[in-house]
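Lettering follows sequence order; numbering is per chain, from 1. In this text, all values refer to a predicted model and were calculated from it rather than measured experimentally.
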Number of protein chains: 2
Amino acid sequence: MSRATLTRDTIVDTTIRIIAEQGTEGFTMRSLGQALGTDPTAVYRHFRDKAELLRAVSERLLGTVTVDLPADAGWRPVTVEVCRRLRSALLNQPQLATALQFGPPLQPTEFAITETLLRQFRLAGLEQGAAALAYHSVIELTVGSAAIDAALHSLSSRERSQQYFRWRSVYATLDPAEYPETVGASAHMYRGTADERFVHALEALLDGIVPSP
Amino acid sequence: MSRATLTRDTIVDTTIRIIAEQGTEGFTMRSLGQALGTDPTAVYRHFRDKAELLRAVSERLLGTVTVDLPADAGWRPVTVEVCRRLRSALLNQPQLATALQFGPPLQPTEFAITETLLRQFRLAGLEQGAAALAYHSVIELTVGSAAIDAALHSLSSRERSQQYFRWRSVYATLDPAEYPETVGASAHMYRGTADERFVHALEALLDGIVPSP
DNA sequence: CGCTGTCGTCAACACTGTTGACAACGATGT
DNA sequence: ACATCGTTGTCAACAGTGTTGACGACAGCG
């Protein structure tokens, strides 16, 4: 019986589970302790503070972004796949922005993402400076898409559809004299899944970055 | 002898000032009360809770986005200008994501932004469905750019430049064998101002959305 | 066996947003 | 002019947050 019931891995596991089940607000040090079956402050034996724990969580989530990528798919499908995975990882942890506050000097997995994306853009024929700008561009789009959809991510797909429908209704019932375009396009707003909208935007961005012949 | 010392406008003013000076973490109900010279709980006579106050703040900030737009500049400069203003407004209030949690049924100013952007895309020749997708795309990019730069926004331009330099150094000193592209492009990362990078990304996105002949 | 260092436990601190009772004050009706 | 009323600032307090320091149980080791 390993008396050490608590380890960094199990703590990170439980943290991810809590956030996935109850959302980012339902995760507190005390709820974590309860889920672990220990005193809440026992976690501080393994992590300096909550920020370090969340950094470890983001490290775990971001670790899946660049693994097992299709080798011979070409730069563009690989780029889309990496960004989709990154967006998915960010969705599971909106608080990553907090951990990201310290900037790039982060975890090894972040460097792997940067390296992978930069390589794809170089494969696409971009110079180093253009590749760096392209990297910043796709990261901004990916983070934004995740931030916008983070609130609805904890909902079921049914509830999400209902929410989209509700928003379309709001747009549709605006004053047509004041908001003609919004009313006219209301049926097309928030159509499909958030992932589909993101991929559409990403494809457009990539079209603009690397114009196809 | 101002008896009605507190009003919604002055509270919103002070809130914006505190967030601008001390960042989003330095703003609490108690610090707000101290800045107002009243008891912290007096604010609750004018706003139901902190969320409603922040909604009023976002309403104030977003109100400047669509006013006095150049009339005959063409859809593209107008779109860029609106997105730049929106990004600037979001930068001043990272917590807007919290207020935005409730989704589109928000304030009138948000509808004005949506209407303006949709009209520009219609002017560019897009159908209603394509305009809606384009709207979602530019919003995602704008929100993401603001989210990424929010952490550094409270810094002075000098400190910001130093931070950028520090990050470039981190990239430059990685293992070239493992991260060749990152090391190679390190000198081009985080170049220029964040606004310039955003406009570059936005221009690329617009190129992809509405291909120029 | 005894020692040492790790690690879970407990109480407590400073802080947050928020609420209900209380009181001062201007405005209002007769 | 007086009493009344509703608005609004004040105060104490509550539940909840992250975090710290003292305490003690336990494993491994000489």
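Screening residues 171-187 of chain B for salt bridge (Lys or Arg N to Asp or Glu O under 4.0 Å), with sequence neighbours left out, gives A:Arg122-B:Glu181.
In this structure, B:Glu59 does not pair ionically with B:Arg55, as no charged nitrogen and carboxylate oxygen lie closer than 4.0 Å. Taking a cutoff of 4.0 Å between a charged side-chain nitrogen and a carboxylate oxygen, A:Arg191 and A:Glu196 do not qualify as a salt bridge. For the pair A:Glu52 and A:Arg8, the salt-bridge criterion is met [side-chain N within less than 4.0 Å of a carboxylate O].
Rounded to whole Å, the distance from CZ on A:Phe47 to C1' on D:dG18 is 16 Å. Following rounding to the nearest Å, B:Arg45 (CZ) and C:dA24 (C1') show an atom-to-atom distance of 12 Å.
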Margin query: Treating primed atoms plus P, OP1 and OP2 as sugar-phosphate and everything else as base, which nucleotides of nucleotides 10-18 of chain C get B, S or - for protein heavy atoms under 4.0 Å?
Written below: BBB---BBB
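Ring pair B:Tyr171/B:Tyr190 is parallel by interplanar angle, where below 30° counts as parallel and above 60° as perpendicular.
One finds no side-chain N or O of B:His46 lying less than 4.0 angstrom from the OP1 or OP2 phosphate oxygen of D:dT7.
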